[in-house]
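Down below is the structure, laid out as structure tokens.
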Amino acid sequence: MFHKEIEFSAHEDYFALKEDYPIPTKLNIPDWYKKLEHTILNKTVKGCMPFLDSLTAGYLLKMPQDFYIRHNVLNENKEKDSFQTFGLYEVSQLLNAKSINLNSALDVHSIKQLEGSPFVDKNKNLPFYKILNPWKIKTSKGYSCLFISPLNNSDDRFSIIPAIVDTDTFPNEINFPIVINGDKYPILEDTIKKGTPYVQVIPFKRDSWKMKIKSRLEKEIINSRMFAGLNLLNIYKQKYWNKKSWK
């Protein structure tokens with residue numbers, strides 16, 4: 001079977017650290033999912049192949065350094081901080097010492113860049129942190145990547161702003177603005193630990209599509225629902241599912 005290739009490359013000094021390399025998403029299945037049981041009498045999401053596909057699709061980027069967040073906390077002047085300290089110090093010092101400006105001590109997006117979006121309210125009307133990624137990502141010709149927070153397995157403190165990049169042509173590292181989950185953490189002072197998975201990278205082939213809308217006969221709908229409703233344990237896996245490979 002022919003495999004398409006996705007390449008992650010970093011500055012030689014960072015690469016030599018041999019820490020927090022990208023990994024296939026399938027290596028980060030959450031423990032709560034592993035502990036679930038799926039039986040004919042107790043059907044759970046453990047038997048849902050679409051859910052499993054979301055947990056295993058693509059690759060994960062991990063935090064290269066501790067990332068200290070001080071968000072919406074009153075400072076000594078009784079003003080709210082959008083940030084106080086940013087991690088990535090060691091990575092920044094290493095790369096800047098080599099005159100490779102891949103990471104600085106701090107980067108943020110202003111509110112204006114997302115003005116009017118729901119992200120602004122969720123982020124408590126404060127500037128957006130931007131995680132600086134040391135990895136350049138390269139895909140085969142004609143393939144792009146969807147970048148999203150880990151599906152069904154994301155950190156509840158923050159999420160990245162999803163995006164699609166044509167990684168077969170884009171020549172640089174891709175950095176990731178994040179939104180603090182202000183709905184759950186209106187005030188947050190915490191550290192995202194080094195090695196924490198924070199971006200799921202899903203490569204896909206660029207194709208042109210045309211939408212078609214049509215009706216279905218009632219008989220066809222009834223027949224398909226009757227078959228799907230049979231009391232079978234793994235009907236989707238056995239009849240419809242296609243195995244995916246991520247290495």
Side-chain angles (χ1 to χ4, degrees), residues 8-11 13-35 54-73 75 80-97 100 102-109 119 122-124 126-137 145 147-163 173-202 246:
F8 297 88
S9 60
H11 184 271
D13 291 317
Y14 180 73
F15 180 83
L17 295 176
K18 296 183 179 180
E19 294 181 345
D20 302 312
Y21 284 2
I23 60 170
T25 309
K26 64 184 180 182
L27 300 181
N28 192 54
I29 303 295
D31 288 338
W32 66 263
Y33 179 86
K34 293 177 182 178
K35 292 175 183 177
S54 78
L55 287 178
T56 57
Y59 307 90
L60 290 176
L61 300 180
K62 298 186 286 185
M63 287 296 300
Q65 286 287 286
D66 286 354
F67 181 13
Y68 173 58
I69 295 174
R70 180 180 169 89
H71 187 78
N72 209 26
V73 178
N75 59 30
K80 290 180 179 179
D81 285 341
S82 57
F83 58 84
Q84 182 176 9
T85 310
F86 188 86
L88 303 180
Y89 291 128
E90 294 173 19
V91 175
S92 172
Q93 289 168 4
L94 170 66
L95 298 178
N96 288 334
I100 304 295
L102 299 183
N103 289 287
S104 60
L106 173 66
D107 200 0
V108 293
H109 271 312
F119 298 125
K122 192 165 188 176
N123 205 59
K124 296 304 176 185
L126 293 167
F128 297 90
Y129 298 98
K130 190 173 184 179
I131 296 177
L132 303 180
N133 161 44
W135 295 98
K136 175 187 171 184
I137 300 164
C145 283
F147 296 92
I148 195 166
S149 293
L151 292 168
N152 291 314
N153 192 22
S154 60
D155 194 299
D156 71 347
R157 296 168 295 177
F158 72 99
S159 59
I160 71 161
I161 297 175
E173 297 77 19
I174 300 160
N175 299 316
F176 301 101
I178 66 171
V179 180
I180 302 299
N181 185 3
D183 296 336
K184 184 171 183 179
Y185 300 101
I187 295 172
L188 180 63
E189 188 167 9
D190 204 354
T191 299
I192 304 172
K193 291 294 186 179
K194 177 177 176 293
T196 300
Y198 73 105
V199 176
Q200 189 167 351
V201 184
I202 303 177
W246 307 96

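These numbers come from a predicted model, not from an experiment.
D190 is linked by a side-chain hydrogen bond (donor to acceptor under 3.5 Å, both in side chains) to R157, counting only residues two or more places apart in sequence or in another chain. Partners of S54 according to the side-chain hydrogen bond (donor to acceptor under 3.5 Å, both in side chains) rule, which considers only residues two or more places apart in sequence or in another chain, are N152. In this view, S159 and S149, V179 satisfy the side-chain contact (heavy atoms from CB on, under 4.5 Å) rule, not counting sequence neighbours. With sequence neighbours excluded, the residues forming a ring-ring contact (aromatic ring centres under 6.0 Å, His included) with F147 are F176, listed by chain and number. For Y21, the ring-ring contact (aromatic ring centres under 6.0 Å, His included) criterion is met by F15, W135, not counting sequence neighbours. Remark: D20 pairs with K194 by the side-chain hydrogen bond (donor to acceptor under 3.5 Å, both in side chains) rule, at least two apart or across chains. Every residue two or more places apart in sequence or in another chain that forms a side-chain hydrogen bond (donor to acceptor under 3.5 Å, both in side chains) with Y185 is listed here: D156. Take K124 and apply the side-chain contact (heavy atoms from CB on, under 4.5 Å) test, not counting sequence neighbours, and it matches H71, N72, L126, P186.
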Query - From CA spacing to verdict: side chain to side chain contact (heavy atoms under 4.5 Å, CB included), N133, Y198 - result: CA-CA 11 Å; N133 161 44; Y198 73 105; 3.9 Å; yes
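Between P64 and Y14 there is a side-chain heavy-atom pair separated by less than 4.5 Å. Contact check for I202 versus L151: side-chain heavy atoms found under the 4.5 Å cut-off. Counting only heavy atoms from C-beta outward, the side chains of N181 and F158 never approach each other to under 4.5 Å. With contacts defined as side-chain heavy-atom distances shorter than 4.5 Å, the pair T25/P150 does not qualify.
Remark: I174 CD1 to L61 CG distance equals 8.5 Å, nearest 0.5 Å. If you take CG on L27 and OG1 on T56, they are separated by 10.5 Å, rounding to the nearest 0.5 Å. The line from CD1 of I187 to CD1 of I180 is 13.0 Å long, rounded to the nearest 0.5 Å.
The backbone N or O of P197 lies less than 3.5 Å from no partner atom in the side chain of N28, so there is not a single donor-acceptor pair. Not a single donor-acceptor pair under 3.5 Å links the side chain of T191 to the backbone N or O of F67. Between the K26 side chain and the W246 main chain, a donor and an acceptor come within less than 3.5 Å of each other. A distance-only check finds no donor-acceptor pair linking the side chain of Q200 to the backbone of G58 [under 3.5 Å].
In terms of heavy-atom proximity, N175 sits nearest to L132 at OD1-CA, 3.3 Å. K193 approaches M63 most closely through the heavy-atom pair O-CB, 3.6 Å. Contact detail for L55 and I29: the closest heavy-atom pair is O-CD1, 3.8 Å. In terms of heavy atoms, Y59 sits closest to F8 at CB-CZ, 3.9 Å.
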